[in-house]
Each structure stands twice: as C-alpha cells, then as structure tokens.
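The block underneath contains the structure these notes are about, expressed in structure tokens.
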Amino acid sequence: MKEKLNALLIASVDNCFNQGALKKTALPEFVIEIPNNPEHGHFATNLPMAFASSQKRPPREIASIIIKGLVDPEGLVEKAEVAGPGFINFRIRDEQWLQGLSQTINLDGDYGRSMVGKGQNVLVEFVSANPTGPLHVGHGRGAALGDTLCRILAFCGYDVLREFYINDAGQQLRMLGESVYSRFKQMDDPSFPFPEKGYHGDYVMEVARKVSDKHDLNIIGREEAIRLCAESGKDIMFEEIRETLKSFGVSFDNWYSEKDLFNSGILDRTLDTLREEGRLYEHEGAEWIRTTDFGDDKDRVIRKNDGNFTYFASDISYHLEKHKRGFSRAINLWGADHHGYVPRIKAALLARGIPENWLSILLIQLVKLWKAGQEMKMSKRAGSFVTLRELIDEVGVDAVRFVFLTKNHDSPLDFDMDIVKKQDSENPVYYVQYAHARICSIFRKAEEDGIFLPEKSDAILRRLVLDQEKALIRTMAVFPSLLVDIARSLESHRLTYYLTDLAASFHRYFNLGTKNPEYRVVTQDIELSQARLFLVKAIRIVIANGLGLMGVSAPQKM
RNA sequence: GCGCCUGUAGCUCAGUAGGAUAGAGCAGCGGACUUCUAAUCCGCAGGUCGGGGGUUCGAAUCUUCCCAGGCGCGCCA
C-alpha cells in the first residue's frame, strides 16, 4: 500500500510540474509513514516540507498544490489533506484495504515474500565458533539472529548462502589437543601437568575418555598422541556443535575450513597479490600489512618472525576469497568483543579495492544469564559456562529463539531463565503463539457450527466494518514492507515487535466478543462470520509466516 | 590514554530513514471468564528520553562536549 502511495505521489508531483504549478526541481528525499495519531489518517508524508527549500515556497502551500494535482486513477485515496506544518495526510479507501486482505489470504504462506533482493547473492557468515568447546549462550544469540536474518533475506528474494567458518588450523586446536592429552594422563596420574592456557571445561575430560576408548594413547609418542587428541577432539566438538545447531533449527550451506585455506594455496595467493601491489612490507623479521593507508590506526602483522601466519592473515585471505567467490555483498555476525577487528578487516578489503560497505558486520552484544535472581558469570577459561545445549534443554527452542530476537543486536541482553522457563503469561513467546492457537480454535468452533469459508472472499469482506477490524487489516498490510525494511537495516528484532503488536490487536479484538456476542467471530450471521473468519485467517497467516521466519513454531493448540 | 557500543517509566526493553501528544512487557493498584481458549482483555498510576550546548519549520533520533556503564586496543588464537 505504501508503495502504491509512493508511486501515486511521484506521479502527482510530475503532474504539477507539467501543469506549471510547481517549479521543476529535483525530487527531495521524503518519507511516507504511518502516523501514531489515527486522526492523521492512514499515511502521512513530509514531502511538502522537504520540498520547501528547492521550491522556495511555504510547505503548506506546496501541500495543497500537490493535493490539487493528485493523480489517482485507481481510486486509492479517499481523502488527502494538509496538516500541521506541511504534512499531507492520506486516508485510503476501504476497498483498497480489503483488496490487500484478500491478497494476504490468497498468497497464504507466500504472503510477505518479495523480489527486492533479486539478482543479489549474499554470503552470511555466523556462529563460526571454534571447535574447541561446546557452543555457549552467546553463540546461541548469534545463531538465532543470523538464522532469522537469512530466512528473511531469502524471503525477500536474495540468494543467501549461510556459512560457518571453522578455525581448524591454529594454535587453539593444538591447545585442545594438549588439554585432552593431559586429562587422559591424569586419569592414571593426577599430578600430570595441565597446560597453562588449556581448556578447563569438564567436556575436555569427556573428550579424553572418548578418544582413549578408541585409541591407545600410551603406545604412541607424546607428540603424535597430542595431534590425535587435537584431531579427534575437534571432530567430536564439531559434531556436537552441528548437532546443537540442528536442534536449534539452524542450518548452514557451507562449512568453510581455515585449514583448507592454507592447503589449497588460496592464502598464499591472496598474500602474493597484496605483496605485488605493495601493501605488505618486512619489518623486524615479520611481514606487515599497511592497513593504516585505509583507516586502521596501526599496521598489522600477518607473518610473525617465527614464520607462522597470524590468524589475521587467514582472516584477510578468507574475506578476500569471499569477494572473489562473486557475492554481491557479505554479512558477518560477530561477538561484540571482536569489534576492534572491524577497521582492520575493512582496511584489508579496501586495499584490494573492495568498497567498505560490501561487508556489513553486525556486532552482537553479550548475553547475561540470570537464574534465581543471580547473574551466572561465564568464564570459558575456568570452564564455567552454560552451554547452548543446556539452555535449549531447560527452556525450549521456541522460547530461547524468541527471547534472543527481542533485542537489537547491539544492546546487551539479560536472559532471565526463571521467566523464560515459566509456562505462563510472563513468558513472552506464548503471547504470539497463543494468538495463533486461539485462531485455530476459532476455526474448530466454526467447523462445529457448520460454518465454512467460500472460495471467493471479495464480496463478503465488505462486512468488516469495525474499527478494530480495519486496524487489523492495516497492520497486516505492513508485513511485506516491514520485511523489506529488515532486509535493509538488518534489524531482525523488529519482526518480533511487529508480531507481538499484531497479536495484541488480535487479542483485543477477540475480547470484544467476551462482552458482546455480536462481536464474536462466529455469530448467528453466517456471512458476517465468514468475513471475520477470513480476517482471522489472514492474521493466522501473518503470524505463522512471521514465526516461521523466526524459527519459532506456531502451535494449533495450547 | 585512544577507539567502538550503550544510557528512554521502579525493572527489562521498543521507538518504523529527523516528524505531529514518547510506547510495550513485567512489577503495583482496581476490574472482566454460565461465552469462539483468562497463556487473554480493560482501567489507574508511573518520564527534565543521562546532562549541557549546536544544526532546523521540527531532535529520543543528527552533531559536539561532559558524566556513567560495557567491550576492545598483542609478532594471542
């Protein structure tokens, strides 16, 4: 609807140009928004105010000129009026809204789908946890956010590739191997030393048991045993990570291995290119990249004086390779503790002429877990942390995902397990799900009463005349453009608020019927009942589609 | 010290590309189920949008300074 109005406005301004009512100047940036105050109509635009400076006329005057020159062959607008300092407020004709409603019903599961991203392929990298331990709750937030973002992008027509980058080449894997080996040795000799920077979590002992069940670590040399522990440990952890993600409803198209980056020669090739272009230099036995030429605050080492590459080398290479693979844009979801790396990775891309906005990096703030009124401090080093697996098992996938999606990614999130575990109204996930279940229940009731929906809805929908019904129809009309907005802003949490809002409007509507039977969906008047059934069916569709994009189930019964 | 993020109701947070009178949930108080699901709804109360300046028709939103909190500033991974 907003899009239609936008086109209408542009045509109208054009018309004013041709009539000489307005000077031919460039169209300014303007917005069409839904006013908070219902008295201001269904839509409002600030176009006249934005136009004031180039037209050199008062906004209100421009507003009435545009209204006079309105081009509206479809009969979209019922009323247009000048308001406030120079807004134009629009009221759309009921017919138009009803058309939107029947479209929602016809499109069903495809309602909200669009093609705005057509022709664009996007690489979304998220989670990318090291296979040196289980996923913790912070990874869960990234997984929920990333997965939902991918679903929304795909729904908006983007060609999305979901990728998990596996750090399987560096020191940390070696450390896992040493930790596992040490735990194995400690089974017989508790005084066996544990590596200083080793992984302390209990899971390491479990890995040690599993590895030693399969292999006799005593008959092979220490080095080989550590290598074996590292390799097997990685496989075990990785399997666990995949398993956890799967039960969390998160899938990936591609698992990109850092080791492959080395073995395939890609890393060397990318560095050669940078070297040829004079972006690298030797200094004190190490090799550096001149990221300061591109906005970083200091140059960075990519090869240490011991000959090993820094992790940054593979990171540069990985991202340059992403670009080379032909993606029109890339999105990374990182933990906010990595924000210091943003300027340097962007600098490295710029050094190869890749524009800064090709890569969007979403920084995800910390999750604080609360239980029994106490914060559960997490420390990976000390091995004390709540895993995503534990959280899912205790709280349930729907609730965890929903809560992770209630906050903007750059705002820290307090996760109160006591609230989220409750099976009652305090738990926010049920509010939306309940609306869905309630609608299903209405349909069961209608069926009992022998009321069924006809094929065509159009004529019947005219019976929807209540303010609440019209408001619901308008709210639902926002859904497609909301998704487009999210695809632009990458702010998935807005979907959560939208669905909560829609559910609230529905619950309110439903409750009208508890006071006055005339306002029930299923009434004595069959045609009216059918119209309302179409309405709530549309609500069910929007909620189901929205929850689907969030990876949250839409139950028929609760 | 430098950089990034955050600061909105008692608490947790929204606030749609700068728009008109700043919202929700929870907590508090008072109401609504012989009824299509009360996991719901209605009402009341609750705010110098951290503070000061600036930009303009208009600022929670942009800018600058200050205050408070979180995180990051390795030839670690």
Side-chain angles (χ1 to χ4, degrees), chain A residues 29-31 33-37 39-40 44-46 49-50 52 58-59 83-87 89 130 132 167 169-175 197 283-288 297-298 300-306 308 310-312 335-343 363 365-366 368 406-408 410-414 416 419 422-431 433-435 437-446 448-449 478 481-482 485-486 488-489 491 493-494 496-498 500-501 503-504 506-515 517 520-523 529 532-533 536 557-558:
Chain A
E29 289 219 354
F30 66 98
V31 289
E33 54 173 15
I34 298 167
N36 298 320
N37 187 337
E39 283 171 26
H40 296 154
T45 182
N46 64 349
M49 289 179 281
F87 292 100
N89 292 340
N130 290 343
T132 54
N167 287 99
Q171 272 300 310
Q172 68 275 50
L173 217 72
R174 163 84 195 182
M175 196 50 70
K197 290 180 179 172
H283 178 62
E284 292 179 348
E287 192 167 28
W288 299 65
D297 54 2
K298 56 177 90 161
R300 306 292 168 177
V301 170
I302 56 159
R303 202 186 58 235
K304 299 180 271 184
N305 60 15
D306 67 3
N308 286 319
T310 61
Y311 97 97
F312 186 50
D337 51 340
H338 288 81
H339 74 249
Y341 304 104
V342 174
L363 298 171
Q365 293 291 340
L366 221 69
K368 266 194 211 165
T406 51
K407 264 94 192 179
N408 195 329
D410 64 9
S411 139
L413 187 147
D414 284 312
D416 190 329
I419 289 178
K422 279 193 202 163
Q423 303 272 320
D424 68 15
S425 56
E426 268 189 74
N427 193 333
V429 65
Y430 296 126
Y431 190 77
Q433 288 184 320
Y434 185 52
R438 237 181 182 179
I439 293 171
C440 293
S441 162
I442 294 173
F443 271 90
R444 284 191 292 269
K445 166 75 178 166
E448 269 175 39
D449 292 6
V478 172
S481 55
L482 172 79
D485 266 5
I486 292 172
R488 174 187 53 77
S489 65
E491 292 173 335
H493 70 285
R494 283 172 49 189
T496 317
Y497 284 89
Y498 171 79
T500 305
D501 192 52
F506 165 72
H507 286 311
R508 220 171 294 137
Y509 176 59
F510 180 91
N511 271 278
L512 291 177
T514 62
K515 274 218 176 106
R520 289 203 209 160
V521 174
V522 181
T523 65
S529 303
R532 288 179 177 166
L533 282 169
V536 297
K557 250 186 198 175
M558 283 173 75

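Each chain gets a letter, A, B and so on, in the order the sequences are listed, and its residues count up from 1.
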Name the closest nucleotide to the [X] side chain, picking from [options].
X         : options                : answer
Val522(A) : C36(B), A39(B), U6(B)  : C36(B)
Phe510(A) : C75(B), U40(B), C36(B) : C36(B)
Met49(A)  : C57(B), A39(B), A77(B) : C57(B)
Gln365(A) : U21(B), C36(B), C5(B)  : C5(B)
Val301(A) : A39(B), C75(B), U21(B) : C75(B)

[N] phosphate, OP1 or OP2: any side-chain N/O from [X] under 4.0 angstrom?
X         : N      : value
Tyr497(A) : C13(B) : no
Lys407(A) : G15(B) : no
Thr406(A) : G25(B) : no
His493(A) : G15(B) : yes
Tyr431(A) : C41(B) : yes
Arg488(A) : A17(B) : yes
Arg438(A) : A39(B) : no
Asn36(A)  : A20(B) : yes
Lys304(A) : C76(B) : yes
Tyr311(A) : A77(B) : no

May I ask you to verify whether the side chain of [X] and the base of [N] hold a donor-acceptor pair under 3.5 Å?
X         : N      : answer
Asp337(A) : G72(B) : no
Tyr509(A) : C42(B) : no
Asp410(A) : U6(B)  : no
Asp501(A) : A14(B) : no
His339(A) : G3(B)  : yes

Sticking with atom [atom1], work out how far [N] lies from [M], rounded to a whole angstrom.
N      : M      : atom1 : answer
U35(B) : C41(B) : C1'   : 14 Å
G70(B) : C75(B) : P     : 27 Å
G51(B) : C42(B) : P     : 32 Å
A22(B) : A14(B) : C1'   : 11 Å
A17(B) : G69(B) : C1'   : 29 Å
G53(B) : A9(B)  : C1'   : 27 Å
A39(B) : A45(B) : C1'   : 25 Å
G15(B) : C62(B) : P     : 12 Å

Any residue meeting salt bridge (charged side-chain N to carboxylate O under 4.0 Å, His left out) with Asp501(A), in chain and number order, not counting sequence neighbours: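 None.
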Indicate, with a heavy-atom threshold strictly under 4.0 Å, whether [X] touches base, sugar-phosphate, or nothing.
X         : result
Ala52(A)  : nothing
Gln433(A) : nothing
Thr514(A) : base
Gly513(A) : base
Ala446(A) : nothing
Arg520(A) : base
Ala435(A) : nothing
Lys515(A) : nothing
Pro85(A)  : base
Ile302(A) : nothing
Ala286(A) : base
Asn305(A) : base

Identified side chain to side chain contact (heavy atoms under 4.5 Å, CB included) partner of Leu173(A) from the options Thr132(A), Asn167(A), Asn130(A):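 Between Leu173(A) and the candidates, side chain to side chain contact (heavy atoms under 4.5 Å, CB included) is satisfied uniquely by Thr132(A).
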Centroid distance under 5.5 Å and plane angle under 30°, His40(A) vs A20(B):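 So His40(A) counts as stacking on the base.
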Centroid-centroid under 6.0 Å between Tyr311(A) and Tyr341(A) rings: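 Tyr311(A) vs Tyr341(A): aromatic centres under 6.0 Å.
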Lys304(A) atom NZ, neighbour heavy-atom count above 12 within 6.0 Å: yes
Distance, rounded to the nearest Å, where Asp485(A) contributes CG and A14(B) contributes P: 17 Å
Leu512(A) vs Arg508(A) side-chain heavy atoms within contact, under 4.5 Å: no
Any side-chain heavy-atom pair of Thr523(A) and Arg532(A) under 4.5 Å: yes
Counterpart base for U40(B), defined by Watson-Crick or G-U wobble contacts under 3.5 Å: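 Across all strands, the one nucleotide that pairs with U40(B) is A32(B).
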Opposite nucleotide pairing with C71(B), Watson-Crick or G-U, both atom distances under 3.5 Å: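 Pair assignment: C71(B) / G3(B).
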